[in-house]
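Computed over heavy atoms, backbone and side chain alike; hydrogens, waters and symmetry mates excluded. Below, chains carry the letters A, B, ... as their sequence lines are ordered, and counting in each starts from 1.
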Amino acid sequence: MNEIPEVIRTIPLNYYLFLSTALFVIGVTGVLLRRNAIIIFMCIELMLNAVNLLLAAFASYRSDPNGQVFVFFIMAVAAAEVCVGLAIIVMIYRNLQSTDVHLLNKLKW
Amino acid sequence: MTSIILLSVFGIINLFLGFLKSNRILMPAVVVFLAIVFGVNFIDWNQGPQTHFNNMLVIDNFSVAFAAVMVLSMLLILPFSRSYVTDENPHLAEFYSLLLFSLVGAIMMVSYENMLMLFLGIEILSIAMYVLAGSHKKQLRSNEAALKYLLMGSFATGILLFGIALIYGASGTFNISDIASFSSTQPAGLLPMMEVGVLMILIGVCFKIGAAPFHFWTPDVYEGTPTIFTAYMSTVVKTAGIAAFYKLVWSVFPGLNEFWYPTLVAITVLTLVIGNVGAAVQNSFKRMLAYSSIAHAGYLLIALTSFNDRSENAILFYALAYTVATVAAFGVLKLVSDQRGEEGYEAFNGLGKTNPLLAFSMTVAMCSLASIPLTGGFFAKFFIFGAAIDAGAVWLVVVAILMSAVSIYYYFRVVIAMYMRDAEGERIAVDPFAAFMLIVLSIFTILMGVAPGLFNNLL
Amino acid sequence: METPNYIPYDYLPIIVQFLAAAGFVAFAMGLTHMIGPKRHSKVKDEAWECGIPTVGNARTPVSYKYFMTAILFVLFDIEIIFMYPWAVNFKALGTEGFIQMLTFMGLLMTGFVYVIKKGILKWE
Amino acid sequence: MLTAFLLFWPALAGLLVLLMRGEAAKKVALGAAVIEFLAVVDAMMQFDPNAGTQFELNLPWIENAGIAFHIGMDGISMLLVFLAAFLVPLIILASFKHDYRNPGTFYALILFMQTGMIGSFVALDAFVFYFFWEVALIPIYFIAGIWGGERRVPVTFKFFIYTIFGSLFMLVGFVYLYFQTPGTHTSDLSAFYQLALSPENQSWVFWFIFLAFAIKMPVFPFHTWQPDTYTEAPTTGTMLLSGIMLKMGIYGVIRWLLPVVPAGVAQWADVVLVLAIIGIIYGAIIAIRQNDMKRLAAFSSISHVGLIAAGLFTLNMQGLQGAMIQMLSHGINVVGIFFLIDIIFRRLGTREIKALGGITQYGKAFTICFMVVLLAMVGLPLTNGFVGEFLLLSGVFQYNYIMGGVAGITIILGAVYMFRMFQRVMFGEANYVTSKFTDLTATEMAVLIPIIIMIFWIGLHPNTFLQISEPAVRDLLTIIKR
Amino acid sequence: MEFLLNPFSINALIILAIFGLTLFIATYCTYAERKIAAFIQDRVGPNRAGPLGLAQPLADAVKMFFKEEFIPANAHKFLFVAGPSLAMLTACMSSAVIPFGNTLIIDGVGEIRLQGIEVNIGMLYIFGVVALGVYGIMIGGWASNNKFSLLGAIRAASQNISYELAMGLSIIAILMMSGSLSLREITLQQGGSFLGISGLDWNIFYQPLGFIIFLTCAFAETNRTPFDLPECETELIGGYHTEYSAMKLGLYLFAEYVNIIVASAVMSVLYFGGFNFPGQEWLRANIASDPTLAHNLVTIIGTVVFFGKIFAFIFFFMWVRWTLPRFRYDQLMHLGWKILIPLAMINVVLTGAAILFWPQLKAMF
């Protein structure tokens, strides 16, 4: 299995690093700027996927399966988080008819 | 290890117990479960470090002790959930099970040997808490708390994960001892990635434990969450977070000490100031407790910054004392707010007359939190300061002390309300379980205050 | 049997296929757009509800059962994904792997039974 | 074991009193306090001034941290324990006339406080000392906060935070010293005495520890909590605060500051002396301007304490011995004066000097008692005040004659405000308010007579008490001068 | 000519060929569907356009193109267009990884695989792309802003994802046997002999239960009767494509047929040996003396056989449509969740046990 890294190294690791950092930053920006809870949530998922990409890249560069296993776990956890998150958003929508986080001011920030 | 498996199994069993016709059996069942786990947990005591699951978890005295503290916290909190135990409550079994599951996560957080387990532990704990934060489905406050907790929590997770990924990229491993040996050798070319990774992990964990400047979600979430789960959050979650943090900085990145130490100190000071000053300006007792939990995170962080053979013990003792006092405070708050319908300081007016027991245990709890002698909180802070002074961080302790003085202001506001203001409300009905538990908590607090040797230097 | 090595180059043809498919779709959509007649009228442009005037917003909340199904799908799908690597390496992992996966499936099934008993999938 | 009995007897009795209601609580509390007093007298009989620390008890407490439950008494402690044991029964008796709500809790708190105060006087381990130091604070906080006057809540709160704030700094100081002890660290007093810190370190440790004591005493400019608290607290609380608790601060300086960081003391003694003398003058001048008698007594207390503090930092025999005897005298006198003011207040419903006058005509015995206590406060020869002030002033003179001169003004100023008050309150025309005054009852006499006896005893034969503390003070001085 | 002979170009050509072929078959599926319906219902079916009505699909296509393109006023314009596009796109994307035949050996070029793209994760690719298909339906239904469309779309989504679980689980058993995710690998492994007949070592003999589950799920995934609730005319007036007209509607219908073809092909590959056919080794040995030629001939026959299998499945799909009644929605969910998923799990466990313990059992007797 040692050939895999050789082939993969045709694309420098930094490219992956920059790509995932960019994705991550987009996610962070989205979380900080957007108002809609669902979109914030999607931005968080984007962050997680940036991490996944990074981990997968590192893992294949080192031909070390640990990184990929980690990705699996991140995906599973993200799924659980999505489930809970969507449930919460639906719950709020039922009470509020909106998913705009700024309407949620019963508690002051 | 056994405790993790047992807790998971019990959690599942408990879920299925929920299908029985009556909810009455649930609380006793959970108490029995927890008692068993608490006992079994000590099998691993003094057995030396044992690794499990392909080196993913390591069970040593550190993890056993913290696991015991956390299981105990939940045991202590349980009796106050009696008002939930009705047959009309269709989700009671789920609440209890989520608590049990989250305990699994908490134990994983204190015994991880691999970054994967840290991440999983945090998430198992957090996801359960997201649900519990929103467990009052019809209440907008609770909904909002759940959403904020969720968004901030997963945001923090994202940051933490990015940090872990970078560290993995730099060191090629998730195993903490490998990372430690890697970071102490420090190959020059990879350092920036490592540093950014460490920084992001720090930020992520600070988010999770609610350390300033990443604390802003904490008061809202704590206030909106149903009181019983707030108690859980501010005890178990905080303990687990701090213990994990401790392990992180001292087992994973000791080699990068010089790099993160200033950051951590800055965070500590900021946390102390914001927590205490924030608590002082609150008008809601519950919100004050939320800020106070930030403040206590700050005190615990002091122990983190001052690494020596004392800090482990100091953290353990502090966690125990803080837990006991906080549970009592939240317990009384729950009883009061359930029946008087408010969570402000005014709700406690005249409690000293109508309910001497509640007022007394609240006073003991407040004294403990304010670290007045005769209570566990005093020795807790004493050990923490001791560790810090031993490490030479006197000025940090001075900041902490200034802030402690501030803390007395807000902790004693409720004492004043209870004893020095006239009664407004009726006598509050207290069920025997809760009363018994309050007495136990008070005795425990005072016991820790007069005989701290019993709980000191366990590790 | 030797395991063939796959290199990223192998995946390039997928782009060809994508271009072909996208081209076809674009061609079809474009063509029909260009050559079809267009006549608008108020009534015609309304949503069609069996000829009766439309009532209210169509995007009303639907039964939460659909939602539950979606959530369950996400969870179970992820769990099933966990089984794929195991299945592919099944023979290599042997009995031990089998037992581990049985535990995993046992837990999954416990959750499944719980969900069903909870009545999440009870339509009506 | 005797010390342990003295220490825990009030607490145990307090627990018992806590469960009682109404009159019974008062009586049991009084009985317990009297027993305590008798035990102290017994201890004094057995006490050998030249034998150093006696009645020692050294139990492991937090073993693995080198902290032991180490208590015992030398001459200095003995005197203060005596003071506490002597005053508490009187204070309890003095509050008999009041009809406090929840008397069980009230008297229990007094007894708990006595444990705290005695504890801090007998502690020979830094953390035991700190522990009891704080333990004494909580009951007085509740006494003042629950049974006090109108503005009790903010005022006691201020007092409480102020004091805790100071003591936390003391804790840091102690913890720092603790970590300087050799080996596995210990917080025992003797170990602290053997420390040899660099002057720089001593310098800041001095302020850390001194802050707590300065607030407690209180020394100018840390006094701002005091007049309000004295005024708002119930008289019982005021007596406890001024009679005994204040002495904890002074005792702390003698025991835990002067010998522990002598170099620090040497550096800062001038500053503290100046502050103390400012306090003397300031307290006296403000006292002259007061209309409320209780407030007047409070400021007079600042003035007196200033002198004691000045005496302490002279670090000579006269100064320290003067401080010892003056602590005793001031405690007795101030309790007497507050009690007398309370009698007026209870009878007439006011403490305002302007509203009073001509009380002499209605209470002969009261006038005599008031006169005696007043003269003792002013420091007239033959009374206890004279002995203390004389020794203190001569001590200060020895240290620096300018300072001594300035401090000496206290005698004049003290006479001014005291006699001004006496004159306006007791002499002149009786008005509508004061004409309702009735003379002392038997209970009140029972409080005042022991006080008067003590005033004259110390005034006439101070050696009874001076000899108890003398060897201990001398030992202390040798340690300081090491 | 030279540039056409490099592997990439050949690959591209094959892909385009497969793509065209798929579209062609899909077109004629509409014809076949009507003919078969007519046959089952004892009617004639389309017979006007061209001989036997063979030009009917063309006529339909032309009609589709010339119809008015209608977009409701309240619809979300972009998504309304995106819906059918996405449906068609995903349907067309999946065909390329299916191995339609073994290798052809041509002088000067070497081995050519009769397969668009050979990747090691072929199975995952198909699943991934097919799963995306539900977006097309969801988007279309939601964008229409019509209650029936929305309901149809949600039903479609709910149904697709439910059956995807059982489908995924039933595949696991196959994976355990093959140890590979490559469709080509799986096919080649079925080329052995079974009961002494070469090329008949098909998975269907080992996985009958898995096949039935997969088949059921395939019906549900393609929204075919008896699982056509998302678009049932009688309840939802066409479901998610109520508001669609012209070629947009055409793409939706077309996508469905493409999906049927892909599903048939996948079933053939996974359970019916793909391009293997009984007696292929005998044929290989006897058909020609030149081994290369023999191999090529066998490959071509195999490809033909493979298409035969696909057509058989397509026929089956249509047969079922005109035979069985539609499920009620709760029955549908009940079947998917409470019967198929547990059955698939049991299948996995049984397969695992069999693989592990069969040798021991055999040795014992």
Side-chain angles (χ1 to χ4, degrees), chain C residues 4 6 10-14 16-18 20-22 24-26 28-29 31-33 35-39 42 44-50 57-60 62 66 69-70 72-73 76-77 80-81 83-84 87-92 94-95 98 101-102 105 108-109 112 116 121-124, chain E residues 8 11-12 15-16 19 23 64-69 72-74 81 85 88-89 92-93 96 116-120 142 144-148 150-151 154 158 161-162 164-165 168-169 172 175-176 179-181 237 242-243 246-248 250-251 329-330 333 337-338 341 345 348-349 352 355-356:
Chain C
Y6 296 91
D10 282 340
Y11 294 80
L12 270 183
I14 290 176
V16 175
Q17 172 144 29
F18 177 78
F24 173 72
V25 169
M29 296 301 273
L31 189 64
T32 186
H33 183 72
I35 60 182
K38 287 171 201 67
R39 275 177 227 100
K42 194 166 175 293
K44 189 176 162 190
D45 282 355
E46 273 183 14
W48 196 79
E49 294 188 0
C50 307
N57 187 358
R59 287 162 195 160
T60 47
V62 292
Y66 289 105
T69 316
L72 284 184
F73 164 72
F76 277 83
D77 207 33
I80 289 171
I81 287 291
M83 295 164 81
Y84 272 71
V88 172
N89 296 311
F90 175 73
K91 283 171 185 156
T95 318
F98 185 56
M101 196 39 77
L102 276 187
M105 281 200 259
L108 192 58
M109 279 292 109
F112 187 70
I116 287 177
L121 295 171
K122 219 177 262 165
W123 293 80
E124 299 317 311
Chain E
F8 181 74
N11 240 337
I15 287 170
L16 290 178
F19 183 66
L23 287 185
M64 285 282 192
F65 275 115
F66 278 97
K67 280 287 180 184
E68 178 179 351
E69 188 194 38
N74 288 329
V81 178
S85 310
M88 189 62 201
L89 194 65
C92 292
M93 283 286 286
I117 312 154
E118 162 58 10
V119 286
N120 53 349
W142 191 83
S144 304
N145 200 10
N146 178 312
K147 296 188 186 83
F148 295 105
L150 184 64
L151 202 52
I154 285 177
S158 187
I161 59 179
S162 298
E164 208 163 290
L165 291 180
L169 273 174
I172 286 175
L175 294 184
M176 285 160 73
S180 169
L181 282 162
I237 352 165
T242 302
E243 295 286 352
M247 204 53 205
K248 291 209 214 39
L251 287 184
Y329 197 74
D330 60 323
M333 294 311 262
W337 282 94
K338 294 184 193 170
I341 290 179
M345 279 282 192
V348 170
V349 174
I355 293 173
L356 282 177

Pick one of side chain, backbone, both or neither for C:Ile116, based on which atoms fall under 4.5 Å of a heavy atom in chain E. side chain

Interface moiety of C:Leu108 toward chain E, non-hydrogen atoms closer than 4.5 Å: side chain

Chain C contact via E:Ile15 - side chain, backbone, both or neither, heavy atoms under 4.5 Å: side chain

Which answer fits E:Ser85, side chain, backbone, both or neither, if we ask what part of it has an atom under 4.5 Å from a heavy atom of chain C? both

Residues which pass side-chain contact (heavy atoms from CB on, under 4.5 Å) with E:Ile161, listed by chain and number, not counting sequence neighbours: C:Ala70, C:Phe73

Sequence neighbours left out, what passes side-chain contact (heavy atoms from CB on, under 4.5 Å) with C:Ala22? Give chain and number order. C:Phe18, E:Leu89

With the side chain counted from C-beta on, respond yes when E:Val349 and E:Met345 share a heavy-atom pair under 4.5 Å apart, and no when they do not. no

For the residue pair E:Phe19 and C:Phe24, categorise the inter-ring angle as parallel (less than 30°), tilted (30 to 60°) or perpendicular (more than 60°). perpendicular

Toward chain E, the part of C:Asp77 with a non-hydrogen atom under 4.5 Å: both

Working to the nearest 0.5 angstrom, can you tell me the gap between C:Phe90 CZ and E:Ile355 CD1? 5.0 Å

Among the options C:Gln17, C:Met29, C:Met101, pick out the one with the most heavy-atom pairs lying under 4.5 Å from chain E. C:Gln17

